[in-house]
Structures are given as structure tokens and as C-alpha cells.
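Structure record follows, encoded as C-alpha cells.
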Amino acid sequence: MVHFKNRYMVMEAFIDTAGKGQSDPLILTQLNSTKAIRDSIQINFGECGLAACLGSLQGIYELYSSIVKYVNPITKLCVIRVSREDHQKVWAAITMVRSIGKIPVSFNLRDVSGSIRACKKAALECEEAKFEYYKLAAGDRITPKFVETMESCFNKD
């Protein structure tokens, strides 16, 4: 049995809404973030670079799975799985992503780890810190539905 060595990256998306007057013009999903990452790999490293990364990005038997394994649309946090050999190339491509659709966006690496357990711990710490910041910023305008949604994100495995 062959064991694949992976790297898990916790990335934070920053969506530029300056001058638009909208609070959140983009709902971050696995599909649109995976497409943006694949497009960036192809633009920056060509088709050969994309083909080299596709095996590590998708897994051998998972032909249609996404690169992005977890997305929280509220805190804009993503967990990305990639092989150990290709993680620097994918990291560079993610850094060069400038838009998703027509919305300007940039990604920031929060953590790189070799296990999903360490990645989950780092992601939860970041999400809890962001949630506390949101609660302080929103004050009494925060709704119970929002709190429930955030708490359900913390309880996901």
C-alpha cells in the first residue's frame, strides 16, 4: 500500500469591497475557489505545470474532487490539500490569484501542516479569533442565527 504525503494549507481570503458599497459581493465556495486556483496554476506555470499538479490536487482516484477541502463562507477561511512535492508551486499560484469571477480577492497563508489534525486546530483557532472580532465589531446587531451558523462551523469534523 502506498502512502501519499500531503500538505494542508490554511488560507484566508480577503475580498476587496472598497468603493462598491456592498458588504459581501462574493460568497466563497469550494467550486469558485478551486476554479480560481486551477486557473492561476495554468496561467503562471502553463499546462505542464497544471498537469504535474493535478494528480496531487485531486488524488489518484478522486477525479472530480476539489483542491479546496473546507471553506467557511463567513470567515473566508479555506483548507487546501496538496502533495508534499507540489505544495510550493500551488502556494505560489494561490498567492497570485487576484480575482474570483470579477471580484478582487487576495489570499494569505495562515498555516501549513503535514496532518489534517494540526490543520484543523490552526483553522479553528483562526475562526474563533475572527468570530470574537466580528462579535465585538457588530455589538448588539449580531443575530442569534449568525451565532448558530458560526457555532455549527466550529463543530464540523
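Residue indices begin at 1 and follow the sequence shown. None of these values were measured; they are calculated from a predicted model.
- With a 4.5 Å cut-off on side-chain heavy atoms, V90 and I41 count as touching.
- Shown here is Y133, whose OH atom has no more than 12 heavy atoms of other residues, nucleotides or ligands within 6.0 Å.
- The two atoms that bring L28 and S33 nearest to each other are CD1-CB, 4.4 Å, heavy atoms only.
- Contact of the I37 side chain with the I80 side chain is registered, since non-hydrogen atoms from C-beta on lie closer than 4.5 Å.
- Shown here for R7 and G114, the closest heavy-atom pair between the two residues is NH1-CA, 3.4 Å.
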| message | If you apply the rule side-chain contact (heavy atoms from CB on, under 4.5 Å), what do you find for L109 with W91, and how did you get there? | response | CA-CA 8 Å; L109 180 71; W91 179 6; 3.1 Å; yes

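- Distance alone, capped at 3.5 Å, is enough to place a donor-acceptor pair between the Q30 side chain and the K69 backbone.
- The side-chain heavy atoms of N72 and E127, taken from C-beta on, include a pair separated by under 4.5 Å.
- Here the side chains of M9 and D111 are not in contact, with every heavy-atom distance at 4.5 Å or above.
- The cluster map of Ile, Leu, Val, Met, Phe, Trp and Tyr, joined by side-chain heavy atoms under 4.5 Å apart, puts I43 and I100 in different clusters.
- Taken from CD1 in I94 to NZ in K89, the straight-line distance is 13.5 Å, to the nearest 0.5 Å.
- Rounding to the nearest 0.5 angstrom, the gap separating the OG1 atom in T75 from the CD atom in E128 is 11.0 Å.
- Here E12 pairs with K130 in a salt bridge; the nearest charged N to carboxylate O distance falls below 4.0 Å.
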Test side-chain contact (heavy atoms from CB on, under 4.5 Å) on V68 and V79 and set out the steps. CA-CA 6 Å; V68 180; V79 174; over 6 Å; no

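- For the side chain to side chain donor-acceptor pair (under 3.5 Å) test, residues two or more places apart in sequence or in another chain that qualify with S40 are N44.
- Here the shortest heavy-atom pairing between P73 and I27 reads CB-CG2, 4.4 Å.
- In terms of heavy-atom proximity, N6 sits nearest to S83 at OD1-CA, 3.9 Å.
- Going from atom CG of L50 over to atom CZ of F45 covers 11.0 Å, rounded to the nearest 0.5 Å.
- Other residues, nucleotides and ligands contribute at most 12 non-hydrogen atoms within 6.0 Å of the CD atom of E47.
- No side-chain heavy atom of M11 sits less than 4.5 Å from a side-chain heavy atom of N108.
- With hydrogens and angles ignored, the 3.5 Å screen pairs a side-chain donor or acceptor of T29 with a backbone N or O of N32.
- For the pair V10 and C119, the tightest heavy-atom approach, listed with the atom from each and the gap, is CG2-SG, 3.4 Å.
- Side-chain contact between F131 and L136 is absent, with no heavy-atom pair separated by less than 4.5 Å.
- Atom-to-atom distance recorded for F107:CZ and M96:CE is 14.0 Å, nearest 0.5 angstrom.
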(request) Before giving the answer on side-chain contact (heavy atoms from CB on, under 4.5 Å), spell out for L77 and C126 the whole-Å C-alpha distance, their side-chain angles and the decisive distance to 0.1 Å. (result) CA-CA 8 Å; L77 210 65; C126 183; 3.7 Å; yes

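- Summarising the geometry, atom OG belonging to S106 is positioned 9.5 Å from atom CD1 belonging to I15; distances are rounded to the nearest 0.5 Å.
- No donor-acceptor distance shorter than 3.5 angstrom exists from the side chain of D39 to the backbone of A36, with no hydrogens or angles considered.
- Every side-chain contact (heavy atoms from CB on, under 4.5 Å) that A118 has, sequence neighbours left out, goes to S113, S115.
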